[in-house]
Amino acid sequence: MAVREFDLIIFGASGFTGKYVVREALKFLSAPGPLRSLALAGRSPSKLAAALQWAASPSPPPPLPLIPADVSHPDSLLALCRRTRLVLDCVGPFRLYGEPVVAACVEAGTDYLDISGEPEFMERMEAKYHEQAEKAGSLVVSACGFDSVPAEMGLMFHSLQWVPPAVPNRVEAYLSLESERRIVGNLGTYESAVLGVANVRQLQDLRKSRPKRARPMIPGPAPPKGPLVEHNKTLGLWALKLPSADAVVVRRTLAMLAENPHGLPGANESDEHAEKRKAYWSTVKPAHFGVKIGTKSILGIFRFMVTGLFIGLFGAFAVGRSLLLKFPEIFSLGWFRKTGPTEEEVRSALFNMWFVGHGYNDISLASQSGKKPDTEVITRVSGPEIGYLTTPITLLQCALIVLSERENLPKGGVLTPGIVFGPTDLQKRLQDNGISFDVISTRASLH
């Protein structure tokens, strides 16, 4: 890539999440490292200036360029992308506003990361732009926020705890959101869920039209479906199955790994890095993966179910979607609101994501007829509030790796965070920035 004016442009910097991403980026702009030049972009320079002032507070705002750009004006996006090495896209819902930014980045040969958790958008971008992005040397990676970096890196960390000859068969992630105050969700997440219901048919049709992906070789039989709601006594949680972007992204990573057992080679990687990459992927063991939302009380599960029921029923038709988007606080029983959370609500929230794996203490047992998993491993990823604190942390650390280690990453393509960042030092970076990875327990001879 020719020398560009900026290392990084944050697009949608004045939005709810965007301003928190700016705040996180400012920490690294003044520190030694790969982020030397930064600009903010969006529809309104005055709103960008206000977001920058908020993000820099209590310090005076640094003199960053504020660039007007709009998804409805593709020329403005292309001009933007040609000025920078990397774009961080914070403008959702991505189903409505994401594609023009991806298209501009691919045309300009610019790298792109976003915070989408929308499976239909991600898979449509892969179908439409993967080959172009490969040729252009544009790395396009969605789901670099809380969706789905903790799940992807958490599953890989979990996988490393299964020391051969032990192997996992299934891993279930239990997401628990906790706060001393009221938990207020990210409105963009709610809007994406509403639009996701509207898009179910398109996603099904897209998958039918695509070539079948390689299936990972998972030892042992497929796990039973299990109940919709369960009480996990070990974790002390009531849990509800979640139709999660995390599970979709993880499956795409495992499919890519089945097709490329040593991972994807770097654009210009050294022999040493190639050996490190191959060694890393040889330790990652595929498993059936699912996500559940957990809460300490059965009443909390009821709230999740009611919200899901409203979105499922009303999201299927236009008038219903309009009502859902107009009155989020009513339909989510106060879980989401148009004003977003207060600073205190953000500061007091945290998450725990428990990875409960079941498998075999010896891979040879997996092929024995009727042999049930005999080993359980529990690990955990934990950190601050998911939408406004963890998402900027994960996004910025992915961005810093792209800026500092570009030659060791794939040349280009529409890829998942797991396949791109798995062999890098992303886990260590996250740990250094307030996200913990812990082994909780290992238990053999379950029967």
Side-chain angles (χ1 to χ4, degrees), residues 8 10 13 16-35 38 54-59 88 90 113-115 117 141 143-158 160-161 173-186 188-189 246 291 294 340-355 378-405 417-418 420-422 424-440:
L8 179 63
I10 300 171
F16 271 138
T17 308
K19 66 180 188 177
Y20 281 93
V21 172
V22 175
R23 188 165 77 176
E24 188 69 16
L26 292 179
K27 295 178 190 175
F28 299 96
L29 185 60
S30 53
L35 181 56
L38 170 67
W54 177 89
S57 177
S59 302
L88 303 187
C90 303
L113 306 179
D114 73 31
I115 52 173
V141 190
C144 293
F146 181 78
D147 287 331
S148 292
V149 168
E152 291 245 83
M153 299 308 293
L155 181 62
M156 290 176 200
F157 172 75
H158 180 93
L160 296 177
Q161 313 316 315
Y174 293 78
L175 171 61
S176 168
L177 307 176
E178 297 169 27
S179 178
E180 295 163 8
R181 295 172 176 265
R182 194 166 95 163
I183 292 174
V184 179
N186 185 309
T189 303
D246 287 342
V291 180
T342 64
E343 269 286 275
E344 290 72 28
E345 285 167 338
V346 169
R347 268 198 303 269
S348 65
L350 55 88
F351 80 89
N352 286 299
M353 199 171 205
W354 311 83
F355 294 77
I378 301 178
T379 59
R380 182 183 64 203
V381 178
S382 53
E385 190 277 337
I386 61 175
Y388 302 101
L389 298 182
T390 290
T391 285
I393 290 168
T394 58
L395 181 63
L396 254 295
Q397 292 309 315
C398 290
L400 293 171
I401 290 171
V402 171
L403 293 175
S404 61
E405 298 180 40
V420 172
F421 299 113
T424 70
D425 63 348
L426 178 57
Q427 182 190 316
K428 181 184 181 302
R429 287 168 171 272
L430 296 177
Q431 288 173 299
D432 290 345
N433 285 276
I435 295 171
S436 303
F437 290 71
D438 300 295
V439 179
I440 305 302

Over all atoms of both residues, closest heavy-atom pair of [X] and [Y]:
X: Cys398; Y: Leu426; value: SG-CD2, 4.0 Å
X: Pro150; Y: Val381; value: O-CG2, 4.1 Å
X: Leu395; Y: Cys90; value: CD2-SG, 4.4 Å
X: Glu152; Y: Gly418; value: OE2-N, 2.5 Å
X: Val141; Y: Pro417; value: CG1-N, 3.5 Å
X: Ala25; Y: Leu35; value: O-CD2, 3.8 Å

To the nearest 0.5 Å, what is the distance between [atom1] on [X] and [atom2] on [Y]?
X: Arg23; Y: Lys19; atom1: CZ; atom2: NZ; value: 9.0 Å
X: Leu403; Y: Leu8; atom1: CG; atom2: CG; value: 6.0 Å
X: Gln431; Y: Met153; atom1: CD; atom2: CE; value: 9.5 Å
X: Asp147; Y: Ile115; atom1: CG; atom2: CD1; value: 9.5 Å
X: Leu26; Y: Ser57; atom1: CG; atom2: OG; value: 11.5 Å
X: Asn433; Y: Leu396; atom1: CG; atom2: CG; value: 9.0 Å

For [X], give me all partners under side-chain contact (heavy atoms from CB on, under 4.5 Å), at least two apart in sequence or on another chain.
X: Pro384; answer: Leu389, Thr390, Ile393, Ile435
X: Glu178; answer: Ser176, Lys296, Leu350, Asn352
X: Leu160; answer: Thr283
X: Ala399; answer: Leu86, Leu88, Leu113

Please list, chain by chain and in numerical order, all residues satisfying ring-ring contact (aromatic ring centres under 6.0 Å, His included) with [X], sequence neighbours excluded.
X: Tyr388; answer: Tyr20
X: Phe157; answer: Phe437
X: Phe351; answer: Phe146

Sorted by chain and number, sequence neighbours left out, salt bridge (charged side-chain N to carboxylate O under 4.0 Å, His left out) with Glu405 holds for none

With sequence neighbours excluded, residues passing side-chain hydrogen bond (donor to acceptor under 3.5 Å, both in side chains) with [X]:
X: Glu345; value: Arg337, Thr342
X: Thr394; value: none
X: Arg429; value: Gln397, Asp425

>> Main chain of Ala349, side chain of Glu385: is a donor-acceptor contact present, judged purely on distance under 3.5 Å?
In response: no

So salt bridge (Lys or Arg N to Asp or Glu O under 4.0 Å) across residues 431-440, not counting sequence neighbours, yields Arg380-Asp438, Lys428-Asp432

**Report entry** Any side-chain heavy-atom pair of Ile386 and Thr391 under 4.5 Å
**Finding:** no

